[in-house]
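As the structure is a prediction and not an experimental result, all values here were calculated from the model. Below, all heavy atoms of this structure are taken into account, side chains as well, without hydrogens, waters or symmetry copies.
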Amino acid sequence: MLSGLNHLTLAVRELDRSVAFYVDLLGMKLHARWDNGAYLTCGSLWLCLSFDEAAGARPGDYTHYAFTVSETDFPSLAQALTRAGVQVWKNNRSEGESFYFLDPDNHQLELHVGSLASRLAACREKPYSGMRFYA
């Protein structure tokens, strides 16, 4: 039986650029690095960056990776990403502050303020079409 997300591996074209993006811009902690990869953490999330020449196909669907950020830190981090010239791939239309952006290899990422509990509370007040709640 599954118990949660073990780790997230992202294929990257340029390891140096990606490590700098995740460590310097997003503030993740670098634990190890080798010729073709790196291990980082974001809170309890284990992130692996793995070199792959095929990385970087243009995004097209809603698949993305959301990272928690405090309400206090959200504005400054979103501004830092904007100043760094990251590409925005979606505008926020849901509960909680969100900033949707691409990393250097076009992985769709999100900074998000809030939790599942806050999202469900907002949805109970204004449910999506056909929404049902369980437990």
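Taking the six-membered ring where the residue is Trp, H7 and W46 present tilted rings, their angle falling between 30° and 60°. Note on ring orientation: taking the six-membered ring where Trp is involved, the planes of H107 and Y65 are perpendicular (angle over 60°, cut-offs 30° and 60°).
Residues N92 and H112 form no side-chain contact, since every pair of their non-hydrogen atoms from C-beta on lies 4.5 Å or further apart. Between E125 and E95, every side-chain heavy-atom pair lies at or beyond the 4.5 Å cut-off. F99 is listed as a side-chain neighbour of V86, based on a closest heavy-atom distance under 4.5 Å. Side-chain contact between C123 and M131 is present, with at least one heavy-atom pair separated by less than 4.5 Å. Within the 4.5 Å cutoff, side-chain heavy atoms of F21 are placed close to those of L26. Looking only at side-chain heavy atoms (C-beta outward), D73 and V69 come within less than 4.5 Å of each other. In this structure the side chain of L111 reaches within 4.5 angstrom of the side chain of L81, judged on heavy atoms.
A donor-acceptor distance shorter than 3.5 angstrom exists from the side chain of R13 to the backbone of P104, with no hydrogens or angles considered. Judged by distance alone, the side chain of S118 and the main-chain N or O of S115 form a donor-acceptor pair under 3.5 Å.
W34 and F51 end up in different hydrophobic clusters when Ile, Leu, Val, Met, Phe, Trp and Tyr side chains are linked at under 4.5 Å. Connection of L30 to Y39 is not established within any shared hydrophobic cluster, with ILVMFWY side chains joined at heavy-atom distances below 4.5 Å, either directly or through further cluster members.
Annotation: K29, atom NZ; neighbour count of heavy atoms from other residues, nucleotides and ligands within 6.0 Å does not exceed 12.
Atom CG in L109 sits 5.5 Å away from atom CZ in F67 (nearest 0.5 Å). The CD atom of Q108 sits 10.0 Å away from the NZ atom of K90 when rounded to the nearest 0.5 Å. A distance of 9.0 Å separates CG in L49 from CG in L8, rounded to the nearest 0.5 Å. In this structure, CG in D105 is found 9.5 Å from CG in L15, a value given to the nearest 0.5 Å. Between C42 atom SG and L47 atom CG the span is 8.0 Å, to the nearest 0.5 Å. With rounding to the nearest 0.5 angstrom, the CG atom of L77 is 12.5 Å from the OG1 atom of T72.
Taking all atoms of both residues into account, the shortest heavy-atom contact from V113 to S70 is CG2-O, 3.8 Å. The heavy-atom pair separating L25 from A80 by the smallest distance is CD2-O, 4.1 Å.
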